[in-house]
Amino acid sequence: MFALVDCNNFYASCERVFQPRLEKRPVVVLSNNDGCIIARSNEAKKLGIGMGEPFFKVRPLIERHGVVVRSSNYELYGDMSQRVMQTLMRLTSDVEIYSIDEAFCDLTGFLHLDLEAYAWEIKDTVKRWTGLPVGVGIGKTKTLAKLANNTAKKSDGVTVLQTEAMTKAILAMTPVRDVWGIGRQYDKFLEKYGIRTAYEFAQARDSWIRKHMHVTGLRTAQELRGIPCIPLEEQPDPKKNIAMSRMFGRPVTELRELEEAIAMYATRAAEKLRGEGLHANNMLVFFYTSPFKEGFTGASLAISLPRATSYTPDLVRYATAAVRQEYRRGNAYIKAGLILSELTSPAREQLTLFDPVNDEKRIAIMQALDTVNRKWGRNTLFYAASGTQNRWSMRRERKSPSYTTRISDLLKVV
DNA sequence: TCTGGGGTCCTAGGACCC
DNA sequence: TCTGGGGTCCTAGGACCC
């Protein structure tokens, strides 16, 4: 048996923990650059504010109903997420952190318990220790636990798929697009063949599913039938890509600003890379103008690095060179970014024959840099290439304080 | 005027090898 | 009458997830 624990309206709920006056009020959280709606409290959902909708489109509705709007505050959400995960690890043994607001638990060692009571204990404890509401779904496979969690959200917060009959009943009630692994395209496809519910999908012929939806689709069907195909993964696999991209706060036309931005993204990506203990062999640099406007254009350049590296100055140099090569005067760029790929572990890399590089010195410099920035905050030390003004940086006009991660933002009780 | 960011897996098809 | 068989590696693109 697996449990899926999922925080309700996670970002919106995080905002509420430290501002209880937002309780019962509609709250939404915006994406980076204050562009789209990415989280909504139940009250906001009821008003008809859709997930992913551009802020400017729903703005009249939001103002009419006095909806509370927040820019996203990942410092806060990341820290609250850790608290939830730590709580779960105290309550059960095997936990897979699936996303910032969700975790799977393997309940193999807990089958002697009353699972429903146990689910309630998880829910109540997380609420008490972190202030966040969660839903708990339990089923024979991860896909069924997900499904149960879906149901839990609509009822009182806990659903356990104990018996075959109950599982079947819930499958028959669930639209197939709500199944984990079935997205918009497959939903459309399945509808053509008259498959509308999770139950109907689970009944489809294996060879037919395999042919049209490949092995992943077949796995999903098997899981719905109660046959586990997707194991719990406690240790995350090493990352295969590290990306860093942002929309600009306003269009960028100057080469120098574009270079600054990409230098900053390269710096941040290099930090992530070192955090994973990996080196990159490949870099993709891209930037483009607005796809919503006439004359949409952009550039992307893949660079095969001559030597695997996580050394910030190297990455900054290649990234800015790519920008200089592909930049075209007269374009108003709205977004830029880079992706590091072919990540390898330094221990098993091939050195080039004539390698003039003093690795020890470079490693020591990066360690010092990371240590200072960890202790004193991001960008305490930074490369001049990323500029000092950053007029292009993203908008975050309605951000709440970093209550749990900055001493200056601590909540004051007066 | 204003439309997010970061990931994974799978397959088909081409290039190439013996 | 009618062009072998069996592989690997790589990439682009499509699907999905949160």
Side-chain angles (χ1 to χ4, degrees), chain A residues 4-11 28-39 50-60 62-63 69-74 77-78 81 96-104 142-143 146 149-150 176-190 209-220 223 229-230 233 236-251 265 268-269 272-273 276 281-282 284 286 288-293 296 300 302 304 332 334-343 393-398:
Chain A
L4 178 70
V5 183
D6 179 312
C7 301
N8 304 340
N9 318 321
F10 182 55
Y11 299 167
V28 299
V29 177
L30 303 177
S31 63
N32 278 327
N33 219 32
D34 292 347
C36 294
I37 310 285
I38 53 166
M51 178 67 179
E53 276 195 275
F55 178 40
F56 75 93
K57 283 192 181 166
V58 286
R59 201 159 178 167
I62 279 175
E63 283 169 2
V69 180
R70 293 276 180 269
S71 302
S72 37
N73 181 350
Y74 285 100
Y77 312 149
S81 172
E96 172 187 343
I97 299 173
Y98 178 65
S99 76
I100 193 164
D101 71 332
E102 277 174 73
F104 286 104
K142 285 166 93 175
T143 305
K146 268 274 204 189
N149 189 278
N150 238 328
V176 70
R177 66 170 169 281
D178 289 350
V179 173
W180 187 43
I182 308 289
R184 268 226 303 285
Q185 302 304 316
Y186 283 144
D187 180 47
K188 246 195 285 177
F189 169 79
L190 290 169
I209 298 175
R210 169 75 236 252
K211 182 169 165 212
H212 296 287
M213 299 169 71
H214 317 139
V215 292
T216 37
L218 189 52
R219 249 192 316 252
T220 298
E223 285 241 323
C229 301
I230 307 173
E233 288 178 42
D237 292 341
K239 280 203 192 317
K240 295 179 175 164
N241 299 295
I242 287 176
M244 177 70 208
S245 73
R246 285 286 178 277
M247 306 254 316
F248 298 126
R250 57 158 176 73
Y265 303 160
R268 196 62 38 81
K272 289 191 206 173
L273 197 55
E276 299 283 325
N281 289 274
N282 235 290
L284 179 75
F286 59 87
Y288 49 77
T289 63
S290 173
F292 300 99
K293 283 189 176 155
F296 169 47
S300 76
S304 176
I334 62 141
K335 179 170 177 171
L338 54 83
I339 301 172
L340 302 175
S341 59
E342 278 177 56
L343 309 185
S393 62
M394 66 175 174
R395 285 191 302 269
R396 284 206 292 191
E397 284 161 8
R398 302 151 186 261

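Reminder, nothing fancy here: chain letters follow the sequence lines and each chain counts from 1. Quick caveat: nothing in here was measured; it's all calculated off a predicted structure.
Within the structure, every side-chain polar atom (N or O) of A/S99 is placed at least 4.0 Å from both OP1 and OP2 of C/dC17. The shortest distance between the side-chain N/O atoms of A/N33 and the OP1/OP2 oxygens of B/dT3 is not below 4.0 Å. Remark: A/R219 is not in phosphate contact with B/dC9, judged by side-chain N or O atoms under 4.0 Å from OP1 or OP2. An OP1 or OP2 oxygen of B/dT1 is reached within less than 4.0 angstrom by no side-chain nitrogen or oxygen of A/R59. OP1 or OP2 of C/dC17 has not a single side-chain nitrogen or oxygen of A/K146 nearer than 4.0 Å. Contact annotation: A/R177 does not reach the phosphate of C/dC16 (side-chain N/O to OP1 or OP2, under 4.0 Å). A sub-4.0 Å separation between OP1 or OP2 of B/dT1 and a side-chain N or O of A/K293 is absent.
No donor-acceptor pair closer than 3.5 Å links the side chain of A/T143 to the backbone N or O of A/T220. Side-chain atoms of A/S31 come within 3.5 Å of backbone atoms of A/C36 as a donor-acceptor pair (strictly under, hydrogens ignored). For A/E53 (side chain) and A/I37 (main-chain N/O), no donor-acceptor pair under 3.5 Å exists by modelled atom type.
For C/dC18 and B/dT3, the P atoms lie 25 Å apart once the distance is rounded to whole Å.
Residue A/V179 is classed as a sugar-phosphate contact, given heavy-atom separations below 4.0 Å to backbone atoms only. As judged by a 4.0 angstrom heavy-atom cut-off over every strand, A/I242 is placed among residues touching the sugar-phosphate backbone only. Among the atoms of the strands shown, only primed sugar atoms or phosphate atoms (P, OP1, OP2) are found under 4.0 Å from some heavy atom of A/D101. A/M394 comes within 4.0 angstrom of no nucleic acid atom, judged by non-hydrogen atoms across all strands. Residue-level contact check: A/L30 touches neither bases nor backbone, having no heavy atom under 4.0 Å from any strand.
With distances taken from any side-chain atom of A/Q185 to the nucleotides C/dC16, B/dC10, C/dC17, the minimum falls on C/dC16. Side chain of A/Y74, nearest nucleotide from B/dG7, B/dG4, B/dT3: B/dG4. Counting only heavy atoms from C-beta on, A/Y186 has its side chain closest to C/dA15 among C/dA15, B/dG5, B/dG4. Among the nucleotides B/dT8, B/dT11, B/dT3, the one closest to any side-chain atom of A/F56 is B/dT3. Among B/dC10, B/dT3, C/dC18, the nucleotide with an atom closest to any side-chain atom of A/W180 is C/dC18. Here B/dT3 is the nucleotide among B/dC10, B/dG5, B/dT3 with the atom lying nearest to any side-chain atom of A/C36. Closest contact between the side chain of A/H214 and the listed nucleotides B/dT3, B/dC10, B/dC9 involves B/dC10. Closest to the A/A243 side chain, of the nucleotides C/dA15, B/dG7, B/dC10, is B/dG7.
B/dC18: Watson-Crick or G-U partner is C/dG5, with both key distances under 3.5 Å.
Per the stacking criterion (ring centres < 5.5 Å, plane angle < 30°), A/F292 stacks onto the base of B/dT3.
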| request: For A/I334 and A/T289, run side chain to side chain contact (heavy atoms under 4.5 Å, CB included): C-alpha distance rounded to whole Å, both residues' side-chain angles, the deciding distance at 0.1 Å, then the answer. | output: CA-CA 5 Å; A/I334 62 141; A/T289 63; 5.6 Å; no

| task | Kindly indicate, with the supporting measurements, whether the criterion ring-ring contact (aromatic ring centres under 6.0 Å, His included) is fulfilled by A/W180 and A/F104. | result | CA-CA 13 Å; A/W180 187 43; A/F104 286 104; 5.5 Å; yes

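Take the nearest nucleotide of DNA chain B for A/D237 and for A/S290: the residue whose nucleotide is more 5' is A/S290.
Using cut-offs of 30° and 60° on the angle between ring planes, the pair A/F286 and A/Y288 is parallel.
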